[in-house]
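First listed ligand is number 1; within each ligand, the first listed atom is number 1. Note that the structure is a prediction, hence the values are computed from the model and not measured. Side chains included, hydrogens not; waters and symmetry mates left out as well; all remaining heavy atoms used.
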Amino acid sequence: MKIGKSEYALRRKRLMSEMAPDSVAIIPAAREVTRSRDTAYPFRQNSDFYYLTGFQEPDAVLLLLPGRRQGQVLMFCRDRDPERELWDGYREGPEGVVQRFGMNDAYPISDLDEIAPGLIEGRSTIYYSMGHDDLVDRQVLGWVNHIRTQVRTGAKPPGDISDLAFILHEHRLIKSDSELRIMQRAADISSEAHCRAMRECRSGRFEYHLESSIQHSFAEKGARFPAYNSIVGSGKNACCLHYTENDAKMADGDLVLIDAGCEYHGYAADITRTFPINGRFSPEQRAIYNVVLKSQLAAIAATKPGKKWNHPHDVTVKVITQGLIDLGLLSGNLNDLIESGAYTDFYMHRAGHWLGLDVHDVGDYRINGKWRPLEPGMVLTIEPGIYVAADNMTVDPKWRGIGVRIEDDVVVTESGCHVLTSGVPKDADEIEALMAAA
Ligand code: GLY
Ligand code: MN
Ligand code: MN
């Protein structure tokens, strides 16, 4: 299921073919981040670096030097160190990254400052994404300054520092068949976890019980980490968009909203389901739920190549605003309420985002100021919601504190889109049936 060595090589080749002649790209790995005193957060590789190498160690830098005769693809990485490896685990070392990761050449990271200026000298453009890591920013500028001090001996400092993202993130936006296979697996694992949470939900249990069964479900399938912090919000907590305390007792008669997706071989899934804690929707919950579902299904049907990025969002706004009027939560003319943004009291976020190695994945949404058209291979979420704040005094009290979001992941195909996350039900009757059978 892993991406093969040859695909990584192709990605690098394609990137180099679009870089300026006489340029160099510098792509650093992520660093370990301290969680407390001498323990670190679980290491997560930088997505750009991972996309180009598949290499999972910190303290590494990839250098791409198109046209360089002695080797175009260089890696600086941690040296082998039996003492450190005894404590912290195996390291590939320079030899390992050449043999197993297809680098042309590799050096110990401790030699980077000494070797890098010589590699950069004479190249007109540096591709480097500034502003993500102060230390590397300073290091790169230090190399450039070092070359500047040598101009009287004939050294040529680079004239340009350009953001690699403009090229690389366009590549990452369109997923290959092997990426889609991994994303389907991430979606399947995550769908199964949501089904399990529905089956295990009982009033009187706590939100963290559902979070833990989701986490267990991910990890036992080899997806050890969620792609983002899981949200399990019951009752009015569902109206807080980034609620992650997950520590409230779940009350009979309330809904619970779960937004959780695993990371599998680096790729994210991102699913939201909302269901009744006691297994039966109340009439008000069902009414709001069905408006959100209708808008989500309409947006999925509207997701096709050639349609603009914003089109599915506009579809959700229209269906939701009409639904809010029908339920008496908004009053007025449909177009006026859309125009004035009145619906944003209830639906205040966008209908989705790109999905890939990052949960909010890279890639522009607009080109030259205009929403870009959808293309086959793009993966996005479709996640409309309605949230009636518990303190919204303008609505009938029966609606207050109801929050519903339904989120699926879809890949744009030649003729429309394919839902990756169809393994977990979203029809209200199907959810009730699944919960009743538990
Ligand atoms: N879970 C983050 C999002 O849905 O965008
Ligand atoms: Mn989500
Ligand atoms: Mn999302």
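One finds a salt bridge joining E7 and R11 here, because a Lys/Arg side-chain nitrogen approaches an Asp/Glu carboxylate oxygen to under 4.0 Å. Under a 4.0 Å N-O distance rule, the pair D408/K426 qualifies as a salt bridge. Under 4.0 Å is where a charged nitrogen must lie from a carboxylate oxygen, and between R78 and D88 no such pair does. By the 4.0 Å N-to-carboxylate-O rule, D429 lies close enough to R286 to be salt-bridged with it. Ion pairing of D48 with R172 is present here, as a side-chain N (NZ or NE/NH1/NH2) and a carboxylate O approach within less than 4.0 Å.
For the pair R185 and K221, the minimum side-chain heavy-atom distance is below 4.5 Å.
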Could you walk me through whether Y347 and H349 pass ring-ring contact (aromatic ring centres under 6.0 Å, His included), step by step?
CA-CA 6 Å; Y347 177 31; H349 58 77; 5.3 Å; yes
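Distances from ligand 1 to the non-hydrogen atoms of D270 include at least one value under 4.0 Å.
Under a 4.0 Å criterion applied to the non-hydrogen atoms of H353, ligand 1 contributes the atoms 3 (C), 4 (O), 5 (O). Set against the non-hydrogen atoms of H360, the atoms of ligand 1 under 4.0 Å away are 2 (C), 3 (C), 5 (O). Heavy-atom contacts of E407 reach the following atoms of ligand 1: 4 (O) (cutoff under 4.0 Å).
When heavy-atom distances to ligand 1 are checked against a 4.0 Å cut-off, T272 has no atom that comes that close, whether in backbone or side chain.
Checked against the Mn ion (ligand 2), the N, O or S atom of E407 at the shortest distance is OE1. When distances from the Mn ion (ligand 3) to the N, O or S atoms of E383 are compared, OE2 comes out shortest. Counting just the N/O/S atoms of H353, the one with the shortest distance to the Mn ion (ligand 3) is named NE2.
Considering the Mn ion (ligand 2) as centre, the angle to OD2 of D259 and to OD1 of D270 is 150° (10° rounding).
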